[in-house]
Amino acid sequence: MKAVLQVGGILLLASAMVAQTAAPAKKTARKSASASAADVQALKDAVEAQQQQIQALQQQLQQTNQQLQQSSQQYQETQQQLQKTQQAATDAQMTAAGLQASVAQKDAVDKLNAQYADIQTTLTNNALSAQDEQKRVSAVESTLGRFRWTGDVRVRGEDFFQKYSGCTTCADRNRARIRVRFGFEGKLNDDFTAGVAVATGSLGDPTTTNETFTNNFTRKTIGLDKGYITYNPVAHKWLSLTAGKFAYQWQRTQVTGDPDMNPEGFSERFSKDFSSVPIVKNLNLNFMQLFYNEASGNGGLFNGHDSFAVGGQIGGRLELTKFWTMTPSFLVMNWRYSDAILNSSFFATQATSTNNVDIIDPVTGKVATFPVPGEGPGCSTPASSGLQSSQACAFSPNGLTNATYADAAGHLHFLSGFLYADLILNNTFKTGMARLPINLLVEYENNLNASAHPFDFTVTKVVPDPGAVTRKDLGSQSHVYYADISIGQQKTRGDLQVGYAYLRHEQDATIASFNESDQRAPSNILQHRVYALWRIRQNTTAAFTWWHGRTLDPFLQNASLAPQLQVTDSTKAHFLAPGQSEPWLNRFQFDLIYTF
């Protein structure tokens with residue numbers, strides 16, 4: 001404002017001087033129109049001087065305007081700085097107020113922060129623990145994922161009926177039984193698998209896993225049923241090598257071994273599938289080496305030879321039409337040193353009884369006595385103790401029905417050797433209904449090492465006169481004829497299967513000790529079987545089986561006969577005359593099976 005006032009004063013002073021100078025000039029002009037040149041010059045000089053003063057004043061005015069503009073700009077900048085300062089002061093006041101308010105809450109905030117830190121630490125620890133637990137669970141799942149678990153529980157009601165006129169001991173038999181099996185199979189790596197399984201059943205009977213509800217509620221026996229390792233390389237899927245105690249690796253039926261029995265030894269399988277070849281869809285070759293008695297190399301009856309079976313089978317799968325598939329196979333199996341079965345120890349057979357049966361040499365008529373095997377722990381005592389040592393006894397869980405003889409030393413021998421030649425044709429026919437296929441299996445088995453029976457004879461507790469025995473050549477009892485036809489299947493819930501099987505099994509066609517345990521006898525039988533199965537649930541099956549059978553030739557040695565029945569002494573009340581047959585034995589089984 002001071003600068004503005006100065007500028008205004010300068011303008012007023014300039015205006016007065018101009019007025020003062022202009023007034024004398026006008027007077028001079030009026031007085032002397034004829035003024036001299038000197039006067040005119042003086043006037044010009046005065047005017048020029050005034051103009052110079054005016055220019056100087058104008059310059060000063062310009063400078064003053066510039067200063068005024070600069071002052072105005074500085075004022076504006078000062079105003080802006082003042083506003084910023086005021087805003088900063090306001091912000092500072094607000095911050096100070098906020099800080100003042102937060103100071104009052106600092107203690108509470110500190111407490112909350114401490115609690116939050118504790119919670120965060122706890123959550124972190126829990127998360128780490130959960131991760132560790134998840135890792136452990138994942139490891140367990142990964143381990144268990146390599147295993148396939150199997151097993152079943154079967155409860156059975158069973159009835160026996162075999163009567164004939166005059167028999168006082170032909171009482172009906174009724175019993176309940178249970179079977180429990182459990183096992184698993186796991187991949188050791190991509191090329192190796194291993195399996196372990198346990199099952200109920202007498203340790204002295206490999207042909208059954210059943211336990212009867214008896215013996216005063218005592219616990220039932222459980223033993224190792226399987227234990228094996230299989231090599232099946234990824235790079236060579238056609239090759240499979242198995243060692244241990246395992247399920248049958250080749251096609252078979254009850255003719256050559258009970259379904260509950262698992263052989264021991266080694267098996268090699270070579271199998272090739274064909275997708276583009278007509279009719280032939282698979283070819284396979286199986287070899288087996290099975291061991292059933294180890295002689296410990298101490299000489300004895302067989303000079304230290306182990307008892308074993310070796311054989312091979314060729315098989316395949318043929319699609320003869322789009323409705324007919326056949327799985328044929330042909331097996332040859334040789335049983336070496338099988339007489340060890342007839343000279344087993346009490347321990348091997350788990351015998352608890354020393355009751356004897358009489359065996360007569362078919363040529364000399366010499367009698368040999370052998371204890372009847374039973375279920376139990378057996379016994380063995382050293383000769384130096386003075387106690388009775390363990391005697392030899394026949395291993396025949398289901399009865400000994402093969403022809404035998406005793407040598408001069410009293411050792412029991414099979415009349416025949418055993419070399420199986422077994423042909424099986426397993427057929428499946430589609431009917432247009434997926435759940436009702438027709439299944440037809442036919443089998444012919446021949447023991448190529450069977451010996452001809454020199455004459456017909458039978459051994460009873462009453463020893464007959466060998467000279468009185470009717471002598472005739474019976475030939476070799478070496479053949480088996482078997483057929484099984486059914487309709488339906490057992491795959492999914494609601495499936496129904498019904499069938500019928502026929503078996504004609506001659507005395508020495510197979511080793512009786514290992515045959516089917518549910519049929520009338522191990523060998524020398526004529527057997528019919530009717531069965532039905534219903535899949536109630538995916539893992540639950542109800543089944544019914546009717547076994548209708550009798551001894552094929554009751555006049556053969558070691559033939560199974562109904563109670564009190566005799567064939568050699570006509571003085572007995574119950575005597576079978578030549579040409580007569582044993583009464584039929586009817587066996588009914590009702591099963592409920594749960595599988596997992």
Side-chain angles (χ1 to χ4, degrees), residues 156-177 202 205 208 210-216 351-360 367 369-376 393-394 396-404 456-465 468-470 505 507 512 515-530 545-590:
R156 166 174 291 177
E158 192 168 38
D159 307 300
F160 298 80
F161 306 96
Q162 187 180 33
K163 294 182 179 181
Y164 60 92
S165 178
C167 180
T168 59
T169 61
C170 294
D172 297 342
R173 184 182 182 188
N174 304 281
R175 66 180 178 182
R177 314 190 85 187
S202 168
D205 185 354
T208 182
N210 290 306
E211 287 279 1
T212 302
F213 293 166
T214 188
N215 293 335
N216 305 313
T352 58
S353 172
T354 57
N355 295 329
N356 295 328
V357 294
D358 297 327
I359 304 296
I360 297 181
V367 178
T369 58
F370 289 87
V372 176
E375 181 178 352
C393 55
S396 52
N398 305 303
L400 177 61
T401 55
N402 296 126
T404 59
D456 187 4
F457 69 97
T458 303
V459 179
T460 65
K461 291 184 179 179
V462 178
V463 181
D465 179 4
V469 176
T470 302
H505 193 139
Q507 183 180 36
N515 281 9
E516 168 66 63
S517 60
D518 287 342
Q519 61 195 22
R520 168 65 184 96
S523 66
N524 188 21
I525 57 167
L526 183 64
Q527 184 73 61
H528 304 274
R529 177 167 59 97
V530 178
T545 305
W546 172 24
W547 299 85
H548 181 70
R550 63 171 175 82
T551 295
L552 180 62
D553 187 345
F555 295 89
L556 290 180
Q557 179 201 27
N558 299 327
S560 292
L561 298 175
Q564 296 182 298
L565 198 61
Q566 304 291 334
V567 296
T568 60
D569 191 344
S570 59
T571 63
K572 297 294 181 182
H574 308 296
F575 169 72
L576 278 180
Q580 288 185 330
S581 299
E582 184 206 24
W584 291 97
L585 171 65
N586 292 293
R587 183 175 184 176
F588 299 95
Q589 296 172 338
F590 304 87

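- Remark: the backbone N or O of D518 is paired with a side-chain donor or acceptor of R587 at under 3.5 angstrom.
- Proximity of a side-chain donor or acceptor of Q519 to a complementary backbone N or O of G549 within less than 3.5 Å is not detected.
- Using a 4.5 Å cut-off on side-chain heavy atoms (C-beta onward), W546 and H528 make no contact.
- Once rounded to the nearest 0.5 Å, the distance linking OG1 of T545 with CD of E158 reads 9.5 Å.
- Inter-residue side-chain proximity for L585 and T551 is flagged as unmet; no heavy-atom pair is nearer than 4.5 Å.
- Note that OG of S523 and CG of N515 are 6.5 Å apart. Values are rounded to the nearest 0.5 Å.
- With hydrogens and angles ignored, the 3.5 Å screen pairs no side-chain donor or acceptor of N174 with any backbone N or O of F160.
- Note that CZ of R177 is 7.5 Å distant from CZ of R156, once rounded to the nearest 0.5 Å.
- In this structure, the separation between CG on N398 and CD on E516 is 8.5 Å, given to the nearest 0.5 Å.
- Contact between S581 and L576 at its shortest, heavy atoms only, is O-CD2, 3.6 Å.
- Remark: side-chain polar atoms of E582 are paired, donor with acceptor, to backbone N or O of A562 under 3.5 angstrom.
- Scanning both residues, W547 and Q589, for their nearest heavy atoms gives NE1-OE1, 3.1 Å.
- Pairing each heavy atom of N402 with each of N558, the nearest pair is O-ND2, 2.7 Å.
- A pairwise comparison of heavy atoms in K163 and D172 identifies CE-OD1, 3.2 Å as the closest pair.
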Start with the C-alpha distance between T168 and Q564, add both sets of side-chain angles, then the distance that settles side chain to side chain contact (heavy atoms under 4.5 Å, CB included), and finish with yes or no.
CA-CA 8 Å; T168 59; Q564 296 182 298; 3.2 Å; yes

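- Once rounded to the nearest 0.5 Å, the distance linking CD1 of I525 with OG1 of T401 reads 8.0 Å.
- Using modelled atom types, no side-chain atom of N524 and backbone atom of A559 make a donor-acceptor pair closer than 3.5 Å.
- Two residues are said to be in side-chain contact when any heavy atoms from C-beta on lie closer than 4.5 Å; Q557 and T404 meet this criterion.
- Relative orientation of the W584 and H548 rings is parallel, given thresholds of 30° and 60° on the angle between their planes.
- In this structure, the side chain of Q162 engages the main chain of P583 through a donor-acceptor pair within 3.5 Å.
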